[in-house]
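Beneath this line is the structure, given in structure tokens, with notes to follow.
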There are 2 protein chains.
Amino acid sequence: MNKYSIGKFATKVGLTTYTLRYYDKQKLIIPKRDENNRRYYDDEDVKWIGFILHLKGTGMLMTEIQEYVELRKQGDSTINQRKQLLQSVRKRSIAEINERKSHLKILSLKIDWYDGKLKYKVNENFEEYIKRFR
Amino acid sequence: MNKYSIGKFATKVGLTTYTLRYYDKQKLIIPKRDENNRRYYDDEDVKWIGFILHLKGTGMLMTEIQEYVELRKQGDSTINQRKQLLQSVRKRSIAEINERKSHLKILSLKIDWYDGKLKYKVNENFEEYIKRFR
DNA sequence: ACTTGACTTAGAGTTAACTCTAACTGGTAC
DNA sequence: GTACCAGTTAGAGTTAACTCTAAGTCAAGT
């Protein structure tokens, strides 16, 4: 099994040693220690941090990930709870994406409207323009 | 033309008076003043704050909105610059959505994997499971 | 021997966008 | 006449997630 010092691991996963010590303190990922009390990470940790980064990428908060870690530590009896936790994050994340998309649509319409002004010298105001779409 | 005090306007647009004074200070939306130096907002401001909130909703930063405001103040000669600014925000926002979606896909797969464990007592590990999709 | 990289605790600084408090003034409505 | 809403400046506090510094120790590698 490969062993990585905090520095090597940081490079491998694209984080800084500061962040990793911070995650350790926050109990997101707690590495083992060698005989000199130095942290070392293994390939399981590579998988685990990878998954954590996916969770973060969905907008899951650190406190929620901590909760997830707690449940995980308790073993298979908490699988249903973990699933529910992820489902609620999923729901929220999808809602956030949809909201952002709807704002993005307005922004896109504004760009189109500018295009109309620039290319065809259209002079309808944006509020009227926007009504004709959506 | 309707006039709104800061309090009425705050209620109307769903912000607080603190936030509106902050936006004033930040030059996002600068209302007119009455004879007693009190801010008042009109229907143009309603439209404008609405648009600002759409911009914010796309993830556009306040500094970028300030830049946009600056250009707008300079009149029609800056339309092309404004369009370009919005296009760059649009591009970034779409990229962020796509990234979030890709993380969300992994999270969804994990939920499905939990389902397999719970309903069908499947025992394949997640890393193997995940390889079969995407 | 010396550099490098690890360790510790404790706490300060950063970023973005608010959010609120203090302490005071002043016009409007009931 | 008093409550209410507005105004001001200045600055502190909040949230999330880092990010970095200080000041010191300790062990391995060249």
Side-chain angles (χ1 to χ4, degrees), chain A residues 2-42 45 49-69 89 92-93 96 99-100 103, chain B residues 2-42 45 49-69 89 92-93 96 99-100 103:
Chain A
N2 293 310
K3 283 186 175 188
Y4 310 97
S5 69
I6 192 168
K8 300 283 177 210
F9 190 68
T11 306
K12 191 174 175 66
V13 303
L15 296 172
T16 66
T17 56
Y18 297 128
T19 303
L20 286 169
R21 290 201 196 93
Y22 174 66
Y23 283 179
D24 187 354
K25 207 180 297 177
Q26 298 301 313
K27 301 172 197 240
L28 294 200
I29 179 163
I30 302 175
K32 298 201 185 70
R33 300 291 186 128
D34 70 11
E35 59 284 0
N36 295 312
N37 199 37
R38 290 184 183 191
R39 290 170 184 85
Y40 70 88
Y41 297 82
D42 61 23
D45 293 319
I49 197 80
F51 188 57
I52 286 176
L53 294 176
H54 284 307
L55 295 181
K56 288 197 146 292
T58 65
M60 189 169 177
L61 300 173
M62 235 159 75
T63 51
E64 293 169 327
I65 300 178
Q66 284 167 347
E67 204 183 318
Y68 183 81
V69 169
V89 171
R92 183 185 62 203
S93 194
E96 283 168 7
E99 201 178 320
R100 177 167 283 216
H103 292 303
Chain B
N2 293 311
K3 282 185 177 188
Y4 310 97
S5 70
I6 192 167
K8 300 284 178 212
F9 190 67
T11 306
K12 189 174 177 68
V13 302
L15 295 171
T16 66
T17 57
Y18 297 126
T19 303
L20 287 170
R21 289 199 196 94
Y22 174 66
Y23 284 179
D24 188 353
K25 208 181 295 177
Q26 298 302 312
K27 303 173 197 238
L28 294 200
I29 179 163
I30 303 175
K32 297 201 185 74
R33 302 291 186 128
D34 69 11
E35 60 283 1
N36 295 313
N37 199 37
R38 291 186 181 189
R39 290 169 186 85
Y40 70 86
Y41 297 83
D42 61 25
D45 293 318
I49 197 81
F51 188 57
I52 285 176
L53 294 177
H54 284 306
L55 295 180
K56 289 198 146 291
T58 66
M60 189 170 178
L61 301 174
M62 234 160 75
T63 50
E64 292 169 328
I65 300 179
Q66 284 167 347
E67 202 183 319
Y68 183 82
V69 169
V89 171
R92 183 184 63 203
S93 194
E96 283 168 6
E99 201 179 320
R100 176 166 284 215
H103 293 303

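What you see is a predicted model, and the numbers here were worked out from it, not measured in a lab. Note on naming: letters A, B, ... go to the chains in the order of the sequence lines (proteins, then strands), and numbering restarts at 1 for each one.
- If you check dA17(C), dA17(D), dG7(D) against the side chain of Met62(A), the one that comes closest is dA17(D).
- Straight-line distance from the NZ atom of Lys27(A) to the C1' atom of dC18(D): 19 Å, rounded to whole Å.
- For the pair Ser5(B) and dA6(D), the criterion of a side-chain N or O lying under 4.0 Å from OP1 or OP2 is met.
- You'll find that the side chain of Arg38(B) is closest to dG26(C), out of dA16(C), dC7(C), dG26(C).
- A residue-by-residue look at Tyr18(A) and Lys56(A) shows that Lys56(A) has its nearest nucleotide of DNA chain D further toward the 5' end.
- Rounded to whole Å, atom P of dA6(D) lies 13 Å from atom CZ of Phe9(B).
- Residue Tyr23(B) places at least one side-chain N or O closer than 4.0 Å to OP1 or OP2 of dC18(C).
- Asn36(B) places its CG atom 9 Å from the C1' atom of dT28(C), with the value rounded to the nearest Å.
- Rounding to whole angstrom units, CZ of residue Arg33(A) and P of dC7(C) are separated by 6 Å.
- Separating the OH atom of Tyr41(B) from the P atom of dA6(D) is a distance of 10 Å, rounded to the nearest angstrom.
- Side-chain atoms of Gln66(B) come within 3.5 Å of backbone N or O of Gln26(B) as a donor-acceptor pair.
- Close to dT19(C), at under 4.0 Å from its OP1 or OP2, lies a side-chain N or O of Thr19(B).
- With rounding to whole Å, Arg21(A) atom CZ is found 17 Å from dA17(D) atom C1'.
- With values rounded to the nearest 0.5 angstrom, His103(B) atom NE2 is found 14.0 Å from Met60(A) atom CE.
- Ring geometry for Tyr41(A) against Phe9(A) counts as parallel: the plane angle stays under 30°, on a 0 to 90° scale with 60° as the upper cut.
- Across the protein-nucleic acid pair, Leu53(A) atom CG and dA17(D) atom C1' stand 13 Å apart, rounded to whole Å.
- Toward the 5′ end of DNA chain C lies the nearest nucleotide of Asn37(A), the other residue of the pair Met60(B) and Asn37(A) mapping further downstream.
- Counting heavy atoms from C-beta on, the side chains of Arg92(B) and Glu96(B) come closer than 4.5 Å.
- As judged by a 4.0 angstrom heavy-atom cut-off over every strand, Thr16(A) is placed among residues making no nucleic acid contact.
- Here Tyr40(A) lies out of heavy-atom contact (under 4.0 Å) with every strand.
- Ser93(A) places a side-chain N or O within donor-acceptor distance of the main-chain N or O of Thr58(A), the cut-off being under 3.5 Å.
- Comparing Gly59(A) and Arg39(B) by the nucleotide of DNA chain D whose heavy atom lies nearest to each, the residue mapping closer to the 5' end is Arg39(B).
- Whole-Å rounding puts the Tyr22(A) OH to dT8(C) P distance at 17 Å.
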